[in-house]
Visitor: 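Would you mind keeping the following structure in view while I ask a few things?
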Amino acid sequence: MSEQRQSTATSPPSAADAPAHRYTAALAQEIELRWQDRWDAEHTFETPNPSGRLGDPELAAARGEKLFVLDMFPYPSGAGLHVGHPLGFIGTDVYSRFKRMTGHNVLYSMGFDAFGLPAEQFAVQTGQHPKIMTDQNVATMRRQLRRLGLSHDPRRSVATTDPAYYRWTQWIFNQIFGAWYDTDLDRARPIDELIAELESGARPTPDGRAWAELTDAERRDVIDSRRLAVVGNAPVNWCPGLGTVVANEEVTADGRSDRGNFPVFKRNMRQWVMRITAYADRLIDDLDTLDWTDAIKTMQRNWIGRSHGAEVHFPSPAGEITVFTTRPDTLFGATFMVLSPEHPLVDALTTPEQSLAVAAYRRAAIIKKDIERQDEGREKTGVPTGLTAVNPVTGDDIPIWIADYVLMGYGTGAIMAVPCGDQRDFEFAGKYGLEIPAIQQPPDAWFAAHGIEPTLDTSRWPVAFIGDAPYVNSSNHDSGNDSLDLNGIDSVDEGVRLTNEWLEANGHGEATITYKLRDWLFSRQRYWGEPFPIVYDDDGRPHALPDAMLPVELPDTDSFSPRTFDADDEFSDPESPLDRLESWVNVELDLGDGLKRYRRDTNVMPQWAGSCWYELRYTDPTNDEAFVDPAVEAYWMGPRTDVRPDHPGGVDLYVGGVEHAVLHLLYARFWHKVLYDLGHLSSKEPYARLFNQGYILADAYKDEREIYIDAFDVEERDGAYYHDGRPVTREWGKMGKSLKNAVSPDEMYEAYGADTLRLYEMAMGPLDASRPWETRDVVGMYRFLQRLWRNLVDEQTGELRDDLPPLDDTTERMLHRTIDGVRTDMEAMRFNTAIAKLIELTNRATAVTADGTPRELA
RNA sequence: GCCCGGGUGGCGGAACUGGCAGACGCGGGGGGCUUAAACCCCCUUGUACGAACGUACGUACGAGUUCGAAUCUCGUCCCGGGCACCA
């Protein structure tokens with residue numbers, strides 16, 4: 001290990017008295033820079049569009065079939081690149097070059113996802129406008145990426161913070177605000193079409209009155225409530241420590257903020273919400289048309305969390321209580337009900353005798369954060385409300401409890417408890433002595449597996465039974481209800497089907513589908529983001545600004561921070577930085593009905609907004625009349641039915657890390673589908689093929705205080721690690737600033753040149769695998785390039801060698817095998833094995849031609 | 001607990017549809033060049049036994065299918081990732 005650590009400090013192989021024309025880092029650098037200049041001067045990597053501003057139809061046709069290759073664009077961090085960042089970029093560059101050389105018109109560029117927290121926090125600390133830092137960082141990253149030799153079309157680069165870009169982000173927001181979801185046609189439509197249907201009576205108003213009878217305010221309420229982007233009171237995640245609300249996707253499993261790790265509280269607040277849930281089914285179903293890994297598809301499916309089941313209505317003293325269940329067939333076994341402590345009917349269902357206990361339990365449950373709920377080892381707790389509801393199939397009175405294992409945020413916030421068939425209900429019933437009647441006869445093998453004799457006496461069962469087995473005690477022939485008899489049926493599917501029919505026929509419930517996905521909380525109380533293109537009138541109603549008023553530019557200020565609070569101060573209220581800019585907030589505008597006073601929306605959009613559509617802008621980056629020209633979009637993104645019949649269109653190859661599985665990738669698909677529904681796009685999906693590259697990992701070291709220390713100052717002695725003589729512990733993680741183990745590409749350029757670095761990163765292993773960085777291994781690729789160079793160029797004179805003997809038959813055959821193999825490997829993005837084949841060929845050629853004379857071959 | 005991946009030399013990895021396990025690179029050993037070293041070049045390098053031709057063993061572990069298994073099936077263990085009181 002000690003050699004390894006020393007060699008991580010960059011020490012180029014000494015070339016002091018090497019031959020004048022050896023392939024050294026200096027020569028590599030000279031060659032690389034010369035070519036990079038030439039590519040710029042000759043516009044080598046500018047890609048023609050089929051039409052429009054960047055259009056050159058003849059050239060586009062001459063280049064061949066189109067191919068859109070995309071990297072997940074980076075956040076322009078101040079720390080600059082480390083060697084882990086460009087892994088995917090190098091892969092897409094190699095692939096793009098290969099495809100260009102084999103007859104494709106390749107769209108390949110790179111933009112910057114430049115809104116976000118780090119630049120804002122830096123601005124708060126220094127008082128300097130975040131734009132200054134952001135622009136600097138973008139310039140630095142552009143320079144670093146150029147030095148890597150990436151073949152981007154520089155004209156197509158975008159930054160989400162550019163008003164010429166976010167003008168269209170705001171325009172798209174207005175499209176979503178100006179749309180509603182037609183569940184009959186299963187697509188979004190312009191809100192004007194809804195208004196027309198309401199006016200004509202083709203669609204009834206919510207309360208059945210004629211449209212003409214509604215007041216203006218009532219009409220606006222009806223319309224605004226149907227929009228795909230809605231501002232209204234909703235339970236949101238309030239993070240006092242950050243001073244802003246955050247999306248569900250940005251809250252960690254233990255109830256803290258993804259950024260900053262502050263506590264997050266559920267609060268009702270007036271915020272922007274996008275109705276991504278309207279698209280839940282399509283977001284799941286269309287995964288089948290995508291060429292993505294099963295892992296990512298599964299993560300999206302799980303996040304959306306579609307469950308088929310039924311809603312069942314239980315009569316109670318406070319009216320009907322509706323529960324959601326995936327097992328309506330177990331209704332005969334429902335012996336009690338459980339409401340979430342936050343359920344709105346709890347007060348109405350609590351008897352005076354129980355009110356103290358219920359109030360105490362509720363208070364405790366609400367104060368408890370999700371973390372603590374889990375920390376208690378899942379021991380179920382709850383209290384009875386004192387009242388009962390009626391099981392609609394048996395007619396029995398069943399007690400109503402509240403318990404915090406039932407979550408308000410899923411289903412209806414209430415369950416029917418079937419203790420014999422649900423492990424949680426089983427434990428709860430066991431603890432509180434509630435009845436557990438058996439309603440299925442489990443197979444003998446189940447009893448054998450649990451080491452007990454078959455019995456229907458559930459007090460002997462160690463766990464609940466879940467699965468297919470004949471129903472027992474599942475008939476209501478004796479009761480007054482229309483009959484339902486499941487006894488003897490041994491299929492859950494059949495039991496569910498019959499029960500659903502019975503529920504619907506008797507008005508006790510209906511089959512339904514529930515999702516875990518929540519609507520997307522879209523506003524943030526921050527500065528460094530896109531302002532909303534929205535103003536409010538005196539009645540507080542939102543109005544979208546017309547296209548001519550876009551962009552709404554972010555106003556200048558020197559106060560960039562939202563008001564933040566003690567991280568645990570749950571009952572604080574958000575205050576956006578834009579709230580303080582009174583002269584910007586209050587405006588007089590003519591929105592078509594004369595000059596009026598309005599207040600601007602003072603929120604900004606979440607960082608995900610800009611990345612929801614950037615690939616579209618790459619295709620037509622200079623268009624100032626539309627976010628993208630339809631013909632250009634159709635060319636680059638249109639469905640490829642030649643690839644598969646149900647091809648949804650989209651980017652041909654999208655490469656990036658797996659960490660965006662449910663955030664960016666879900667949001668971008670949602671926006672894309674809205675734009676498709678509204679007729680702006682020919683593609684149904686943004687990313688037809690997704691490839692998740694691995695990460696570059698590296699050792700990291702912590703001292704006694706559990707603080708990471710610079711990995712390059714650590715010494716190894718006798719298998720232990722020390723820093724300044726003190727012992728430290730070794731860990732393993734993704735290379736980066738936070739682990740203090742980042743290796744800069746600049747060091748690699750200086751020691752070996754960019755081509756060696758590129759070759760090394762591609763040769764380390766398959767692109768989709770994570771792999772540890774070993775600086776000492778880089779030299780192998782350097783030697784390979786040196787050998788290759790020496791085979792072609794005289795190291796003394798710098799002239800091309802003219803003393804090369806003709807290839808012998810064996811080498812000739814190997815050459816052709818290599819051409820074939822490399823081509824196959826490149827097509828499949830197996831760059832590591834392609835490089836190995838090229839090394840083999842070079843080594844063979846070296847053996848044959850070294851010193852100009854063929855060698856004896858083993 | 002559930003759902004995905006994965007486990008091959010000292011290290012990163014290769015082996016495409018079941019057909020010579022360990023390509024290629026690093027590191028190690030030996031040699032050449034050099035006053036010497038670095039750089040570079042050549043040979044060698046899975047383990048055990050053997051001076052050597054070689055022989056046996058070997059792809060996490062245990063069974064199985066097959067003429068033949070790193071690869072397919074079943075079970076077990078371990079590692080990584082995601083989700084998790086989701087009714």
Side-chain angles (χ1 to χ4, degrees), chain A residues 1 3-4 7 11-19 22 24 253-254 293-303 305-307 309-310 312 323-328 330 334 337-338 340 370 373-374 376-381 403-407 409-418 421-425 427-428 514-517 658-659 661-662 692 694-695 697 732 759-760 763-766 768-784 786-787 790 795 821 824-825 828 830 832-843 846-847 850-851 855-856 858:
Chain A
M1 277 308 291
E3 307 89 347
Q4 185 192 335
S7 62
S11 51
S14 160
D17 44 4
R22 174 162 291 177
T24 59
D254 53 0
T293 62
D294 287 337
I296 297 274
K297 289 187 185 182
T298 304
M299 277 191 238
Q300 291 222 343
R301 284 196 195 97
N302 289 346
W303 187 264
R306 178 164 64 188
S307 301
V312 184
V323 305
F324 173 74
T325 175
T326 53
R327 290 289 304 275
T330 62
M337 292 186 82
V338 186
S340 159
D370 293 352
R373 283 196 187 185
Q374 281 176 26
E376 285 167 20
R378 295 189 175 191
E379 173 76 15
K380 309 267 179 298
T381 60
D404 64 8
Y405 79 91
V406 176
L407 310 173
Y410 183 75
T412 62
I415 63 161
M416 64 180 211
V418 182
D422 181 286
Q423 186 57 27
R424 292 155 302 180
D425 299 342
E427 288 169 22
F428 192 82
T514 292
Y515 304 87
K516 276 194 267 182
L517 182 70
V658 72
E659 72 271 23
V662 290
N692 293 112
Y695 296 110
L697 310 173
W732 190 238
L759 213 43
Y760 171 63
M764 288 166 93
D768 55 0
S770 290
R771 66 300 291 277
W773 178 266
E774 291 288 0
T775 295
R776 75 172 178 191
D777 288 359
V778 178
V779 71
M781 293 302 114
Y782 181 66
R783 288 179 191 147
F784 161 52
Q786 238 170 23
R787 215 150 48 230
R790 194 160 40 231
E795 288 193 327
T824 311
D825 285 346
R830 289 192 298 258
N832 52 331
T833 50
I835 292 168
K837 289 183 175 82
L838 291 169
I839 294 175
E840 278 184 89
L841 180 67
T842 304
N843 289 351
T846 306
D851 306 315
R855 270 175 197 281
E856 290 296 321

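For the numbers below, each heavy atom of this structure counts, side chains included, while hydrogens, waters and symmetry mates do not. Each chain gets a letter, A, B and so on, in the order the sequences are listed, and its residues count up from 1. Everything numeric here is computed off the predicted structure, so don't read it as measured data.
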Visitor: Within the 4.5 Å heavy-atom criterion, are A/Leu841 and A/Lys837 side-chain neighbours or not?
Guide: no

Visitor: Let's see if you can work this out: which of B/A14, B/A87, B/C26 has an atom nearest to the side-chain heavy atoms of A/Arg424?
Guide: B/A87

Visitor: For nucleotides B/G9 and B/A14, find the distance between their P atoms and express it as a whole number of Å.
Guide: 14 Å

Visitor: With both distances kept under 3.5 Å, what pairs with B/A56, Watson-Crick or G-U wobble?
Guide: B/U47

Visitor: How far does the C1' atom of B/G28 sit from the matching atom of B/C11, given to the nearest Å?
Guide: 11 Å

Visitor: Counting Watson-Crick and G-U wobble pairs only, both distances under 3.5 Å, name the nucleotide matched with B/U17, or none.
Guide: none

Visitor: Using the P atoms only, state how far B/A60 lies from B/A21, rounded to an integer number of Å.
Guide: 16 Å

Visitor: Given atom CG of A/Asn843 and atom P of B/C40, what is their separation to the nearest angstrom?
Guide: 14 Å

Visitor: Could you tell me how far apart A/Arg830 (CZ) and B/G25 (P) are, to the nearest whole angstrom?
Guide: 19 Å

Visitor: Please tell me which of A/Gly411 and A/Met299 maps to the more 5' nucleotide of RNA chain B, matching each residue to the nucleotide holding its nearest heavy atom.
Guide: A/Met299

Visitor: Between A/Arg306 and A/Leu517, is any pair of side-chain heavy atoms under 4.5 Å apart?
Guide: no

Visitor: Roughly how many Å is it from CG in A/Leu838 to P in B/A14, rounded to a whole number?
Guide: 16 Å

Visitor: Check nucleotides 4-13 of chain B against the protein and report each pair of N or O atoms closer than 3.5 Å, with its distance, or say if there are none.
Guide:
unit_1	atom_1	unit_2	atom_2	d
B/G12	O2'	A/Met764	O	2.9

Visitor: What is the minimum heavy-atom distance between A/Met416 and A/Asp425, and which atoms define it?
Guide: O-OD2, 4.0 Å

Visitor: Starting at atom CH2 of A/Trp773, determine the distance to atom C1' of B/G25, rounded to an integer number of angstrom.
Guide: 14 Å

Visitor: Counting the atoms with a prime plus P, OP1 and OP2 as sugar-phosphate, which does A/Thr412 contact under 4.0 Å by heavy atoms, base, sugar-phosphate, or nothing?
Guide: nothing

Visitor: Heavy atoms only, 4.0 Å cut-off, all strands: where does A/Gln786 land among base, sugar-phosphate and nothing?
Guide: sugar-phosphate

Visitor: Identify the nucleotide, in any strand shown, that forms a Watson-Crick or G-U wobble pair with B/U65, with both distances under 3.5 Å; if there is none, say none.
Guide: none

Visitor: For B/G7 versus B/U44, give the span between their C1' atoms, rounded off to a whole number of Å.
Guide: 29 Å

Visitor: Is A/Met781 close to A/Ile835 at the side-chain level, that is, under 4.5 Å between some pair of heavy atoms?
Guide: yes

Visitor: Where is the tightest heavy-atom contact between A/Thr24 and A/Tyr782, given as atom of each residue plus distance?
Guide: CA-OH, 3.3 Å

Visitor: Hey, does A/Arg424 have a side-chain heavy atom less than 4.5 Å from the side chain of A/Glu427?
Guide: no

Visitor: Can you find a donor-acceptor N/O pair under 3.5 angstrom joining the side chain of A/Lys837 to the base of B/C24?
Guide: no

Visitor: Which one is paired to B/C2, where only Watson-Crick or G-U wobble pairs with both distances under 3.5 angstrom count?
Guide: B/G82

Visitor: Starting the side chain at C-beta, find the nucleotide from B/C40, B/C85, B/C86 nearest to A/Tyr405.
Guide: B/C85

Visitor: What is the distance, rounded to the nearest whole Å, between atom CG of A/Asp825 and atom P of B/C24?
Guide: 15 Å

Visitor: Specify the separation, in whole Å, of atom CZ of A/Arg301 and atom C1' of B/C83.
Guide: 15 Å

Visitor: Side chain of A/Arg22: nearest nucleotide among B/C39, B/A87, B/A23?
Guide: B/C39

Visitor: Can you confirm whether A/Arg327 sits close enough to A/Asp422 that some side-chain heavy atom of one is under 4.5 Å from a side-chain heavy atom of the other?
Guide: no

Visitor: Just checking A/Arg783: base, sugar-phosphate only, or nothing, at a heavy-atom cut-off of under 4.0 Å?
Guide: sugar-phosphate

Visitor: Quickly work out the A/Phe428 CZ to B/A87 C1' distance and round it to whole Å.
Guide: 14 Å

Visitor: Test of understanding: with side-chain contact (heavy atoms from CB on, under 4.5 Å), list the residues that count as partners of A/Asp777, not counting sequence neighbours.
Guide: A/Tyr760, A/Glu774

Visitor: B/U34 pairs with which nucleotide, Watson-Crick or G-U wobble, both distances below 3.5 Å?
Guide: none

Visitor: Name the residue closer to the 5' end of RNA chain B, choosing between A/Ala414 and A/Trp303 according to the nucleotide with the nearest heavy atom.
Guide: A/Trp303

Visitor: Just the rounded figure in Å: distance from P of B/A84 to NZ of A/Lys516.
Guide: 6 Å

Visitor: Sequence neighbours left out, what passes side-chain contact (heavy atoms from CB on, under 4.5 Å) with A/Ala403? Give chain and number order.
Guide: A/Val338, A/Tyr361, A/Tyr405, A/Phe428

